[in-house]
Amino acid sequence: MQTDSAPRHLFVVMGGTGDLMSRKLLPAIWHLVQGGALAEPAVVLATGRRDSWTDDSYRAWGHQALEEAGLIQSDGPDWCDRCMYYHALGDGTEADYQALASRIEQIEREHGLPGNRVFYMALPSNAFVPTVQSLGKVGLNSGPGWTRIVAEKPFGHDHESAIELNRRIHEHFDESQTYRIDHYLGKETVQNLLTFRFANTIFESVWNRQHVGSVEIIVAESVGVEGRGEFYDQTGAFRDMVQNHLSQLLTLTAMEIPSSFEADAIRDEKVKVLRSVEPVNVKDIALGQYSEGLIDTEPVSGYLREPGVAPNSRTETFAAMQLNISNWRWHGVPFLLRTGKRMPQRTTQISVNFRCPVLSIFRQHESAQMHANSLIMTLQPNEGFDFRFEVKVPGGPLRLETQSLKFNYADAFERLPDAYETLLLDIITGDQTLFVRADEVEEAWRLYTPVLAELPTPHPYAAGTVGPSQANRLMVPRGLSCPL
Ligand code: BG6
């Protein structure tokens with residue numbers, strides 16, 4: 001993330017009246033303006049289908065969204081009034097897009113902007129290709145300055161559709177203009193994986209099959225489908241979380257050292273990891289679907305009772321699997337991925353479980369049970385690191401106990417920026433490091449597509465539990481005991 005004041009531009013949000021705009025984009029832009037990362041005026045033009053909306057009603061809507069996010073007071077200074085515009089896109093005909101082009105030019109003239117443009121697709125995935133093509137047809141794929149297009153996931157639903165989607169985008173926008181968002185990459189703790197690995201010789205030197213016995217990547221959520229039942233029922237945990245967020249965490253944990261800290265050098269190494277993963281075996285997958293249960297002592301309904309979900313749905317809300325990476329660094333080290341909704345608590349963690357010492361010199365002492373070392377990186381919430389190691393319990397007989405060295409972000413840093421703040425600024429400054437390249441998204445789909453058609457039936461698990469017991473074989477017990 002760059003911190004110099006970013007180039008002046010017009011930020012166009014296609015589908016700017018939805019949840020993503022009010023909950024994520026608008027607060028992120030507001031923080032960037034307040035922090036000085038975006039020079040004023042940071043001008044936003046939202047498009048939508050609502051003909052009845054005007055600049056004024058949109059500004060009131062934006063104001064309310066920022067107020068609800070606790071960022072402004074109702075009578076506070078109003079950036080929305082100075083810089084937010086709304087344009088009704090009608091039916092999305094070519095003439096409608098011509099009108100959009102004229103509106104863009106008019107706003108740019110009004111604010112003296114140099115013609116740099118971001119087109120952010122805050123749209124359902126089926127509207128994506130038609131929008132990109134319409135922008136291209138009226139010449140909005142290039143302008144007086146730079147033009148960038150931003151795509152939110154889901155990026156395709158299998159290997160073939162991802163290739164097709166990339167092809168259709170590339171008809172109008174080249175790869176250097178295309179920013180595919182996986183918001184996990186914008187999280188500070190996820191970015192820190194590279195710093196942690198490649199700025200600390202102490203860890204990088206043991207980051208391999210000689211020293212590591214297994215790696216676990218867990219993204220647990222306590223929320224359910226949060227009113228998105230219809231979308232989720234077509235998607236499931238595999239497509240919603242594994243193909244993108246968990247795969248990103250996998251590649252950053254397993255990749256080789258890039259030749260530089262440049263976008264393509266890093267993305268090349270991530271793609272190589274995906275190419276080295278052995279074909280996924282359905283026997284190494286366990287799925288689950290939550291039934292009713294308790295979250296924080298509150299009763300919650302089961303997945304099949306969620307609005308928008310088919311009453312006999314077999315969509316998985318939990319997925320656990322083992323992946324094997326066939327390269328010199330990782331051969332023989334299982335990577336265990338696990339994600340689920342309605343878990344007891346929200347936590348995203350990567351645990352690197354080290355091997356036991358080859359031989360225990362304490363083997364004559366039955367009481368001296370050793371446990372393997374582990375490094376637990378908590379990416380959210382309570383961000384930090386926890387390195388677990390063995391110490392001798394003072395006094396006799398000889399006993400070992402696991403203790404830990406901890407680092408918490410909250411103790412060292414004041415505020416972690418939201419992922420969208422980082423990502424939006426990178427789009428505007430033209431840094432593609434934290435965005436998913438076309439070949440990367442295709443490789444991730446190539447890996448999982450063969451199993452999508454033969455996924456096992458999900459096992460039920462009660463909301464508020466850690467998933468179905470059938471998935472237990474795909475996890476490593478905490479504090480693994482070493483042989484005496
Ligand atoms: C989204 C998924 O991409 O990520 C959601 O569609 C999920 O289902 C969300 O809840 C999790 O993001 P975070 O940042 O809360 O971990």
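Heads up: numbering here begins at 1 and tracks the sequence. Just so you know, ligand 1 is whichever comes first in the structure, and atom 1 is the first atom listed for that ligand. All of these numbers come straight from a predicted model, not from anything done at the bench.
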>> Quick test: of every protein heavy atom, which one is nearest to atom 5 (C) of ligand 1, and how far off is it to 0.1 Å?
In response: Arg228 NH2, 3.1 Å
> For atom 16 (O) of ligand 1, which protein heavy atom lies nearest, and how many Å away is it?
Replying inline: Tyr184 OH, 2.5 Å
> Can you tell me how far NE2 of His159 sits from CD of Glu442, rounded to the nearest 0.5 angstrom?
Replying inline: 5.5 Å
>> Just to be sure I'm reading this right: ignoring hydrogens, which of Lys153, Glu226, Gln380, Lys187 gets closest to atom 14 (O) of ligand 1? Compare them by their nearest heavy atoms.
In response: Lys187
> Going by the order shown, which atoms of ligand 1 are within less than 4.0 Å of some heavy atom of His245?
Replying inline: 1 (C), 3 (O), 4 (O)
> Do any N or O atoms from the side chain of Glu175 and from the backbone of Ala438 form a donor-acceptor pair under 3.5 angstrom?
Replying inline: yes
> Any idea how His245 and Tyr184 line up, ring-wise: parallel (<30°), tilted (30 to 60°), or perpendicular (>60°)?
Replying inline: parallel
> Is the closest N or O pair between Asp240 and ligand 1 shorter than 3.5 Å?
Replying inline: yes
> To which of Lys341, His183, Arg346, Arg239 does the heavy atom nearest atom 15 (O) of ligand 1 belong?
Replying inline: Arg346
> With no hydrogens and no angle check, is any side-chain donor or acceptor of Asn116 less than 3.5 Å from a backbone partner on Trp146?
Replying inline: yes
> Are any of the N or O atoms of Tyr232 closer than 3.5 Å to those of ligand 1?
Replying inline: no
> Quick one: which ligand 1 atoms are inside 4.0 Å of a heavy atom on Glu221?
Replying inline: 7 (C), 9 (C), 10 (O), 11 (C)
> Looking at Trp61 versus Tyr86, is the centre-to-centre ring distance below 6.0 Å?
Replying inline: no
> Hey, what's the ring geometry for Phe407 with Phe413, parallel, tilted or perpendicular (30° and 60° as the breaks)?
Replying inline: perpendicular
